[in-house]
Amino acid sequence: MKIIVAIKQVPERDARIRIDSSGKWIALDDIEFRMNESDAYALEEALLLREAHGGEVIVLSAGPERVGQTIREALAKGADRGIHILSDSLASYDALGVARLMAAAIRDEAADLILTGLQSDDLGLGQTGVILAELLAIPHSSLILKIEKTDTGIRVLRELEDGWFQQIEMPTPALLTIQSGNTRLRYATLMGIKKAKTKELRSVEAASLGVDAVPSVTLDSVALPSRQKSTQMLTGSPAEAAAKLVEKLQQEVRVL
Amino acid sequence: MSTVLVFLEAKSDEPTRLSLEALAAGVRLAAETGSQLAAAMVGAASASGFAMLGGAAQIYAISHPLLARYTADGFTAAYAQLIAKLQPDFVLFPHSYEVRDFVPRLATRLTRVLLSDVIGFEVASGQVTADKVTFTRQLFQGKLNGHYRAASPAPVLASVQAGAFRADSPSATTATVETFTPELDAATIRTQPGEPFRAAAQTVDLGSAPLIVSVGRGIKDEANIAIVKELADALGAELAASRPICDAGWLPMERQVGSSGQTVAPKMYLAVGISGAIQHLVGMKASQCVIAINKDENAPIFEIADYGIVGDLFEVVPALTAAVRKAKG
Ligand SMILES: Cc1cc2nc3c(=O)[nH]c(=O)nc-3n(C[C@H](O)[C@H](O)[C@H](O)COP(=O)(O)OP(=O)(O)OC[C@H]3O[C@@H](n4cnc5c(N)ncnc54)[C@H](O)[C@@H]3O)c2cc1C
Ligand SMILES: Nc1ncnc2c1ncn2[C@@H]1O[C@H](COP(=O)(O)O)[C@@H](O)[C@H]1O
């Protein structure tokens with residue numbers, strides 16, 4: 001099976017959120033980046049499928065130079081090669097624009113399976129994978145936890161709301177968006193890190209892909225959310241705060 | 001006159017809560033943009049249940065044997081045909097798992113981008129064109145809000161986050177229901193969905209627990225769960241968790257609270273090291289009293305908390321356990 005995994009580099013989970021001078025995004029200067037969480041699970045599923053059935057795992061990421069590190073990390077975990085869509089102004093594309101770049105970069109690969117994460121931890125659009133499927137004219141399924149190969153294609157396990165699940169049969173080529181949490185993620189070994197340095201990582205300039213960058217939605221500004229509820233903050237040392245809370249539990253919440 | 005079209009969903013022919021919230025958003029958007037409101041849904045039986053809800057003058061019951069079971073291909077084709085017929089300026093959806101699954105595809109077919117999971121909107125005064133409405137959606141799992149605008153002509157597509165709009169109570173006016181039969185071809189439906197099923201039977205019923213102490217990723221390690229368990233025991237509370245804790249196998253999945261886990265409404269919900277992502281909040285928002293312990297004063301959980309302690313849970317939790325034990329004597 002030839003599998004492409006789309007991986008996005010996002011700010012570290014604990015990153016401090018400070019709005020930058022443009023008012024359109026957060027300041028990135030002192031921020032560390034990592035692989036988007038659900039994309040790490042998508043990569044793991046791809047590696048497991050290759051281990052079971054053979055084939056090739058190709059990682060795809062769009063973004064500036066620094067994204068190369070995240071692609072190398074995926075290569076160190078075992079992906080075979082990488083494609084980097086190089087752009088310093090990815091924010092000027094909307095989800096359709098980014099998906100068009102990705103479609104243009106991988107159309108000739110004719111992969112059997114394309115995996116993306118369910119949703120990015122920064123923009124949280126939850127759309128790029130599904131849009132890519134439509135652009136490539138292939139079927140998709142979202143919120144996927146498990147993938148099995150069948151004689152005619154694949155059988156996937158989809159998560160539904162409130163603890164319900166569903167199996168779906170579909171032909172390949174197909175695109176799946178992967179939900180976090182179903183498997184343990186592997187770590188890159190020292191050997192893997194060494195090998196990654198020699199693996200193919202092809203860069204393509206976004207501008208060379210012939211994609212119309214005019215967005216159909218734009219992010220005008222960002223703002224810190226305002227409090228909906230007036231939270232009573234209990235302050236002091238841990239012991240003092242704990243004592244205050246116990247008093248509230250006794251007198252106001254009446255559960256003690 | 002411009003049109004706001006709201007797509008609704010039903011379970012066992014009853015409108016879902018999320019759909020009623022999307023309808024409420026539609027009522028407001030139509031009023032503020034001077035548009036007429038129409039609604040649509042798959043299935044004639046469910047549509048008649050919606051007719052009583054008011055707000056919409058017209059309800060389209062999308063009806064076709066190939067839509068008996070949800071598929072992205074079937075729903076995309078059917079909805080695209082109704083949009084082509086009605087030419088709405090705005091199309092609203094509840095942000096459900098089905099909507100997440102097919103609406104990005106539908107939007108792409110219309111060369112639009114869905115404004116997903118919006119929590120609010122603002123209409124510039126005196127303006128009615130689609131690009132004059134600003135939609136707010138959350139970024140960084142609720143730590144930041146983004147204000148978005150359509151840069152292309154109508155239709156503007158948006159899906160509405162759970163809990164963001166208050167569902168209206170039924171009004172006296174009754175809508176007319178019109179059947180819409182799309183043209184669908186079985187060969188274009190590429191996926192074969194199976195019957196939905198539930199995971200193994202539940203052995204704990206968090207839904208009826210009066211007190212819940214819930215632990216999140218701030219706990220860092222499986223071994224540390226013990227300190228939160230001690231607090232729960234001291235309070236006589238059930239132990240629950242956010243999803244990453246259950247995914248890691250540190251607590252069983254039946255203790256997971258949230259959109260893909262259990263929905264709870266205890267007298268007291270104490271969240272320890274939980275950031276407060278919307279998928280967690282929808283499962284516990286109805287709690288009578290929410291208490292949060294988190295080291296990040298800007299954690300979204302504080303937005304819905306009645307009481308908060310900003311601090312290191314490894315210090316606060318043991319102190320609280322001791323204080324509770326002392327109070328109980
Ligand atoms: C479709 C879908 C369905 C989902 N379903 C669910 C669901 O049912 N339930 C659910 O919970 N999630 C669900 N999620 C995941 C959800 O989006 C969040 O990722 C998840 O809730 C985050 O869990 P958390 O708050 O424990 O972890 P994080 O977001 O990582 O938060 C950890 C928190 O701990 C704090 N912290 C760290 N160290 C300390 C310390 N020493 N002392 C005090 N505080 C500390 C941090 O400040 C942070 O706020 C779903 C996601 C999707 C996309
Ligand atoms: N710039 C990008 N590079 C690679 N993959 C991406 C990029 N943006 C989004 N994706 C993929 O699309 C998924 C959904 O992202 P989003 O639609 O932003 O929530 C992510 O989990 C990634 O797998």
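Everything quoted here is computed from the prediction, not taken from an experiment. Each chain gets a letter, A, B and so on, in the order its sequence line appears, and its residues count up from 1.
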Audit row: Val257(B), Tyr269(B), side chain to side chain contact (heavy atoms under 4.5 Å, CB included) steps and yes/no: CA-CA 11 Å; Val257(B) 168; Tyr269(B) 188 90; 3.7 Å; yes
Criterion side chain to side chain contact (heavy atoms under 4.5 Å, CB included) on Arg186(A) and Glu44(A), from CA distance to verdict: CA-CA 7 Å; Arg186(A) 68 190 67 194; Glu44(A) 184 62 37; 3.0 Å; yes
Worked check of side chain to side chain contact (heavy atoms under 4.5 Å, CB included) between Glu297(B) and Met233(A): CA-CA 10 Å; Glu297(B) 59 178 336; Met233(A) 287 295 182; 5.9 Å; no
Full working for side chain to side chain contact (heavy atoms under 4.5 Å, CB included) between Arg13(A) and Arg34(A): CA-CA 8 Å; Arg13(A) 209 173 355 253; Arg34(A) 67 179 167 90; 4.0 Å; yes
Derivation and outcome, salt bridge (charged side-chain N to carboxylate O under 4.0 Å, His left out), residues Asp306(B) and Lys248(A): CA-CA 11 Å; Asp306(B) 299 276; Lys248(A) 300 284 180 200; over 6 Å; no
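Heavy atoms closer than 4.5 Å to chain B are found in the side chain of Leu256(A), but not in its backbone. If you measure heavy-atom distances from Pro215(A) to chain B, the contacts under 4.5 Å come from the backbone alone. When heavy atoms are compared at a cutoff of 4.5 Å, Leu185(A) does not approach chain B at all. Contact of Leu219(A) with chain B is made through backbone and side chain together, with heavy-atom distances under 4.5 Å. For Ile189(B), no part lies under 4.5 angstrom from a heavy atom of chain A. Within the 4.5 angstrom heavy-atom criterion, no atom of Gln262(B) approaches chain A. For Thr71(B), no part lies under 4.5 angstrom from a heavy atom of chain A. Only the side chain of Arg137(B) comes within contact range of chain A, with heavy atoms under 4.5 Å apart. Ile119(B) does not touch chain A: none of its heavy atoms, backbone or side chain, sits under 4.5 Å away. Looking at Asp162(A), both its backbone and its side chain come within 4.5 Å of chain B, counting heavy atoms on both sides. When heavy atoms are compared at a cutoff of 4.5 Å, Arg155(A) does not approach chain B at all. In this structure, chain B has no heavy atom under 4.5 Å from any part of Asn182(A). Proximity to chain A is limited to the backbone of Gln138(B), based on heavy atoms less than 4.5 angstrom apart. Heavy atoms closer than 4.5 Å to chain A are found in both the backbone and the side chain of Lys143(B). Contact annotation for Leu139(B): both backbone and side-chain heavy atoms come within less than 4.5 Å of a heavy atom of chain A. No part of Glu240(A) comes within reach of chain B, as not one of its non-hydrogen atoms sits under 4.5 angstrom from that chain. Using a 4.5 Å cut-off between heavy atoms, Ser96(B) contacts chain A through both its backbone and its side chain. In this structure, chain B has a heavy atom under 4.5 Å from the side chain of Ile17(A), while its backbone stays farther away. Using a 4.5 Å cut-off between heavy atoms, Ser259(B) contacts chain A through its backbone alone, with no side-chain atom that close. Neither the backbone nor the side chain of Arg16(A) comes within contact range of chain B; no heavy atoms are under 4.5 Å apart. Using a 4.5 Å cut-off between heavy atoms, Glu315(B) touches chain A through backbone and side chain atoms alike. At a 4.5 Å heavy-atom cutoff, the contact between Ser226(A) and chain B is made by backbone atoms alone. Of the two parts of Leu175(A), neither the backbone nor the side chain holds a non-hydrogen atom closer than 4.5 Å to a non-hydrogen atom of chain B. In this structure, the portion of Leu245(A) lying under 4.5 Å from any heavy atom of chain B is its side chain and not its backbone. For Ser230(A), the part lying under 4.5 angstrom from a heavy atom of chain B is the backbone only.
Ranked by heavy-atom pairs under 4.5 Å with chain B, the first of Met170(A), Lys244(A), Gln232(A) is Gln232(A). Note: Ser180(A) leads Ala174(A), Ala15(A), Ser180(A), Ala243(A) in heavy-atom pairs under 4.5 Å with chain B. Between chain B and the residues Asp122(A), Val246(A), Leu249(A), the most heavy-atom pairs under 4.5 angstrom are made by Asp122(A). Among Ala223(A), Ala241(A), Gly124(A), Ala239(A), the residue with the largest count of heavy-atom pairs under 4.5 Å with chain B is Ala223(A). Note on Arg254(A), Glu37(A), Glu247(A): by heavy-atom pairs under 4.5 Å with chain B, the leading option is Glu37(A). For the options Gln167(A), Gln250(A), His140(A), heavy-atom pairs under 4.5 Å to chain B are most numerous at His140(A).
Nearest heavy-atom pair, Val113(B) versus Gln127(A), reported as atom, atom and distance to 0.1 Å: CG1-OE1, 4.2 Å. Minimum interatomic distance between Ala206(A) and Tyr93(A) (heavy atoms only, all atoms of both residues): CB-OH, 4.1 Å. Residues Val282(B) and Ala162(B) come closest through the heavy atom pair CG1-CB, 3.7 Å. Closest approach of Ala234(B) to Arg325(B), counting heavy atoms only: CB-CG, 4.1 Å. Residue Glu254(B) comes nearest to Leu206(B) through the heavy atom pair O-CD1, 3.9 Å, listed as atom of the first residue, atom of the second, then distance.
Counting heavy-atom neighbours within 6.0 Å of Arg166(B) CZ, excluding the residue itself, gives a total of 12 or less. Shown here is Arg17(B), whose CZ atom has no more than 12 heavy atoms of other residues, nucleotides or ligands within 6.0 Å.
Separation of atoms CG (Leu224(A)) and CG (Asn298(B)) is listed at 6.5 Å; rounding is to 0.5 Å.
Electrostatic pairing of Lys8(A) and Asp39(A) does not count as a salt bridge here, judged by no charged N lying under 4.0 Å from a carboxylate O. Taking 4.0 Å as the cut-off between side-chain N and carboxylate O, Glu159(A) and Arg243(B) count as a salt-bridged pair.
Side-chain atoms of Asp101(B) and Ser142(A) include a donor-acceptor pair closer than 3.5 Å. Inspection of the Thr70(A) and Gln9(A) side chains reveals an N or O donor paired with an N or O acceptor under 3.5 Å.
Side-chain N or O atoms of Asp112(A) include none that pairs as donor or acceptor with a backbone N or O of Met1(A) at under 3.5 Å.
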